[in-house]
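Notes follow once the structure below has been shown.
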Amino acid sequence: MSAYPFREIESQWQAYWESNKTFRTPITVDASKPKYYVLDMFPYPSGAGLHVGHPEGYTATDIVARYKRMRGFNVLHPIGWDAFGLPAEQYALRTGTHPRITTERNIGRFRKQLKSLGFSYDWDREVDTTDPSYFKWTQWIFLKLFERGLAYEAEVPVWWCEELGTTLANEEVVDGRSDIGGHPCEKRMLRQWVLRITEYAERLLDGLKQTDWPVSTKEMQRNWIGRSEGADIDFPVQGVESARIRVYTTRPDTIFGATYMVLAPEHPMVDQISTEAQLDQVQNYQELASHKSDLERTELQKEKTGVFTGAYAINPANEEAIPIWIADYVLYSYGTGAIMAVPGQDERDWAFAAKYDLPIRRTVQPPTGFTGLAYTGDGVAVNSEFLNGLHIEEAKARIIDWLEEHNVGRRKVNYKLRDWLFSRQRYWGEPIPMIFENEKVQALPEDVLPINLPELDEFKPSGTPEGPLALAKDWLMTTNPETGNLARRETNTMPQWAGSCWYFLRYIDPQNSERLVDPELEKYWMPVDLYIGGAEHAVLHLLYARFWHMVLYDAGVVSTPEPFAKLVHQGMILGELEYTAWRDTTTGKWVSAENVTDGKEIHTGAIVEAIQIDEDKVAKSMERFVLSEAPDIQLDVRAFKMSKSRGNVINPDEIIEQYGADAFRLYEMFMGPLEQVKPWSTRGVHGTFRFLSRTWRLITENPLNEKEPDQDQLRVLHQTIDRVTSDIEELRMNTAIAALMEFVNAAFKWEDIPRKIAEPFVLLLAPFAPHIAEELWSCFGYKDTLAYVPWPELKQEYLTEEVVDLPVQVNGRVRATIRIAPEADKQEVIRAAMLEPNVRRFLGENPPRREIYVPGRILNLVAAK
RNA sequence: GCCCGGGUGGCGGAAUUGGUAGACGCGACGGACUCAAAAUCCGUUGGCCAUUGCGGCUGUGUGGGUUCGAGUCCCACCCCGGGUACCA
């Protein structure tokens, strides 16, 4: 297999880079040079080791980093570990192994794997979020948040499972029972730390405008923030003095159509207003609702349910008395937890009104011919007294003025974004640097940071909602450094997001024990010029990191409001393409794929099993894939996400062992556009391996010569420089590699390859396949690394060809190609084209009616009618 | 439902501002080398027709349109992927 000695070459160069610290970026650099900060989303070092998805983004950034170094930039290209998190803690629960041990072991493996891929990280800047010298500053940022009033305590409902003695996430509770074990759970109000991210909603929205991010990611963040404009309106309750129900609406213009009101079941006013007669029903409904998780509530969206409270509110616009209901289609967590229901203009309200026979009144005139129920579109107000005849936008403005004049409502901007629940009842996270003295919360002073985790022998849940830290008795009780009094530590820890909110800042100045980051260095390096990572972080990580960054900006710690100038998501790598046939489990006969749904034959209902079919037993018939032995049996063809259970996981270590890191890197980049989802193909790796072998032979089997290159060689080289350079700039690694392949294909046809051609080519190859490039470079007689050798310069003059093949069309269809000088004028080109027999044949007797000449590209002759 | 992407050979994918559709690679087929196989090298490779020579027709999800010329622009529709969901 070893057509070129990649094993020796790769380990030898990895050792060279390591011992020479080739990619170390000194803390103080020559600041007159331009900088480029290229960042990977740092991995969570899981026990499973690196998967093929990691090196995809990491190779892309490595190519850019290597390229920018050769272009004379100071490059910051660091890596680290996002190492707090649940898996290590759960492993500890099962095995008793301390999370620190597991984490260190996993980091060791990841580090080794990343080094075996030849990534040009500055390993002197490695950070680890679980290292006290790192999380000291995570805690420090928490103190800043607290100082600025952005961290506060609140009673928040969380799922509590008595049996398991722990709090659970929403996803871990089904039907009011724990997902694991099926133990009963209940919602409990628990004191939690919450970060006031909503304060930054507007700026988080606004800042997106300045970033070069994928549109879909920006859109997701916008949706997540969910800004809406409307009004708060107060509705008095009939017969209950001074009781006001406040609603939020984006359609205040429809207030005359508000024929009833709905409160969320948890709304605190429910108890106050419900009548004696209805109270039982109301409480029953509340009880029922409290057992449903948010997820379930939204899954059951089709059928609406609710209960009348017996109370009536007064519509402030027309003094009408309208019934007040409770229903779980109104969420307590959004707006005010209460709505004015306008069935005429809202589909949900219409469905509810129809079910419970509540009045429906249209206040926007639907277009003629409208056959739907609720009309949510544009139009003119009707049945709305002084709003009649106004367009909805005018009507909104008008009614808000009216509401404000009468002091019953006001303009209001609302956000879907909630404040960030920041407490976790876990061990393996950053302790929150707060204490309680006589139940009074207090921030610890900066100089006692970091607050380390206590040593624990057991990681079992404490049995109270406080989390495992409450078990560390010695740690738990402390003295308030300011008063000297006894105090109790906060036992909650931070969520996994915390450490990843600011790690890119620490890379800039990783050893600084005095500050989070030196301001001068921060100013030089920030913002991150290119950030590559998975789209699964499109919302939370990227939103949280932006939020912290804005807070640090306001606190004067950083100099840019936005941390990441350009963001790219690498697409997921799926498993190999799979051909699946279906077979009846009882008869053993094939079943065509179009007759299979949910593992059953659609007519007979017979259970079918999936059989993997080898590619060479597959044929294509019409538009479908079929079994070649039974062409009426259709197959399903698709690639699946890699998963252990499917058995289609590709282990990068094995690929590297077989083909080498360079071939592996090259293949991952050659598969297709970086952002795209694409199926793996080990055969494809073989293709890039073959290319490297050919390249190896091209250079090593040709005696180096000092001849002057000919025009053709220069042209091919400079075309390659041109394409590779612009492709790297645009992150089009697949076409850059295609250009390198074309170069090698062309070079194989030459008698020999002069040094003046071979050397620049090797430099072009270097960012993609650095090990082989270094080795070839040393074959040229150079002693040092090529990592800082200037990138080959494009000379335009070599690109121009003396003659080009020009396609000649007649009526838009190519009928001939002529060889002609690109600078030839139109008449000359036409004359040459007319000499072509095939052109004359399609043109007929008469001269062309029209001639279109795009210089150097195409000539189109339009035949006379 | 809504919001974003996207539909090109057997497969992954190329194609400035509209200008030779299928670069590059995989696979397949034929040949060379070999006792044989692997590896390697050379050639062919969208489909159909013609191949006695140039060649012809057709083809980028479907239907229509604009244009000298459409994968690319416009309109309508179908399908796939991702996100999100009672947000008032």
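Proteins come first, then strands; the chains are lettered A, B, ... in the order of their sequence lines, and each starts at number 1. Note that this is a predicted model, so its numbers are computed, not measured. Excluded from the calculations below are hydrogen atoms, water molecules and symmetry mates; all remaining heavy atoms, backbone and side chain alike, are included.
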* Just call it for A/E219: base, sugar-phosphate, or nothing, with non-hydrogen atoms closer than 4.0 Å on any strand. => sugar-phosphate
* **Mutual orientation of the aromatic rings belonging to A/H686 and A/Y659 [parallel < 30°, tilted 30-60°, perpendicular > 60°]** => perpendicular
* Asked: Expressed as a whole number of Å, how far does the C1' atom of B/C74 sit from that of B/C2?
  -> 24 Å
* For B/G6, glycosidic torsion class - syn if within 90° of 0, otherwise anti -> anti
* Structure fact -> To the nearest angstrom, the CG-C1' distance between A/L331 and B/U84 comes to 14 Å
* To do: Using side-chain contact (heavy atoms from CB on, under 4.5 Å) as the criterion, point out the one residue from A/L263, A/V270, A/V262 that pairs with A/I324.
  => A/L263
* To do: Could you tell me whether the side chains of A/T363 and A/Y375 share a donor-acceptor contact shorter than 3.5 Å?
  => no
* Give a yes or no on whether the ring-centroid distance for A/F352 and A/W325 is below 6.0 angstrom. => yes
* **A/D727 CG to B/A15 C1', straight-line distance once rounded to whole Å** => 12 Å
* Asked: Could you give the CD-to-P distance, from A/Q719 to B/A23, as a whole number of Å?
  -> 17 Å
* Asked: Rounding to a whole Å, what distance do you find between A/R723:CZ and B/U16:P?
  -> 12 Å
* With P as the reference atom in both, quote the distance from B/C79 to B/A85 in angstrom, rounded to an integer. => 24 Å
* Euclidean distance, atom CE of residue A/M340 to atom P of B/C86 [Å, nearest integer] -> 20 Å
Any protein N or O atoms within reach of nucleotides 54-58 of chain B? Criterion: under 3.5 Å, listing atom names and distances.
residue : atom : partner : partner atom : Å
B/G56   : OP1  : A/R815  : NH1          : 3.2
B/G56   : OP1  : A/N838  : ND2          : 2.9
B/C57   : OP1  : A/R815  : NH2          : 3.4
B/C57   : OP2  : A/R815  : NH1          : 2.9
B/U58   : OP2  : A/R813  : NH1          : 3.0
B/U58   : OP2  : A/R813  : NH2          : 3.2

* **Strand partner of B/G5, provided both Watson-Crick or wobble distances fall under 3.5 Å** => B/C80
* Asked: Just checking A/V854: base, sugar-phosphate only, or nothing, at a heavy-atom cut-off of under 4.0 Å?
  -> base
* Can you name the nearest heavy-atom pair linking A/I753 to A/A747, along with the distance? -> CD1-CB, 4.4 Å
* B/C41 OP1/OP2 closer than 4.0 Å to side-chain N/O of A/R697 -> yes
* Asked: Does any non-hydrogen side-chain atom of A/I633 lie less than 4.5 Å from one of A/V626?
  -> no
* Asked: When the distance from CG of A/L740 to P of B/A23 is rounded to whole Å, what number comes out?
  -> 18 Å
* Asked: Quick one: does A/L635's side chain get under 4.5 Å of A/L627's, heavy atoms only?
  -> yes
* Asked: Above 12 or not: heavy atoms from other molecules or residues under 6.0 Å from CD of A/E229?
  -> no
* What does A/N734 touch in the nucleic acid at a heavy-atom separation under 4.0 angstrom: a base, only the sugar-phosphate, or nothing? -> sugar-phosphate
* Touch class at under 4.0 angstrom, heavy-atom based, for A/Y415 against every strand present -> nothing
* In whole angstrom, give the distance that lies between atom CG of A/L674 and atom C1' of B/G5. => 15 Å
* Structure fact -> Closest non-hydrogen atoms of A/I532 and A/A60, given as atom of the first, atom of the second and distance, are CD1-CB, 4.0 Å
* Asked: B/G27 pairs with which nucleotide, Watson-Crick or G-U wobble, both distances below 3.5 Å?
  -> B/U45
* Asked: When rounded to the nearest Å, what value does the distance between P atoms of B/U20 and B/C73 take?
  -> 16 Å
* Structure fact -> Under a 3.5 Å limit on both distances, the Watson-Crick or wobble mate of B/G63 is B/C75
Pairs under 3.5 angstrom, nitrogen or oxygen only, protein versus nucleotides 25-29 of chain B, please.
residue : atom : partner : partner atom : Å
B/G25   : OP1  : A/N745  : ND2          : 3.1
B/C26   : OP1  : A/R690  : NE           : 3.2
B/C26   : OP1  : A/R690  : NH2          : 2.6
B/G27   : OP2  : A/R690  : NH2          : 3.4

* Asked: Is the NZ or CZ atom of A/R840 positioned over A/F842's six-membered ring, under 6.0 angstrom from the centre and within 45° of the axis?
  -> no
* Remember a base hit wins even if backbone is also touched, and classify A/Q676 as base, sugar-phosphate or nothing at under 4.0 Å, heavy atoms. => sugar-phosphate
* To do: Using the six-membered ring of A/F235, assess whether NZ or CZ of A/R244 lies under 6.0 Å from its centre and within 45 degrees of the ring axis.
  => no
* Identify whether any heavy atom of A/P214 sits under 4.0 Å from a base atom; if not, whether one sits that close to sugar-phosphate; answer base, sugar-phosphate or nothing. => nothing
* Asked: Can you tell me how far C1' in B/G64 sits from the matching atom in B/C78, rounded to whole Å?
  -> 15 Å
* Rounded to whole angstrom units, what separation is found between the CG atom of A/L765 and the P atom of B/C24? -> 18 Å
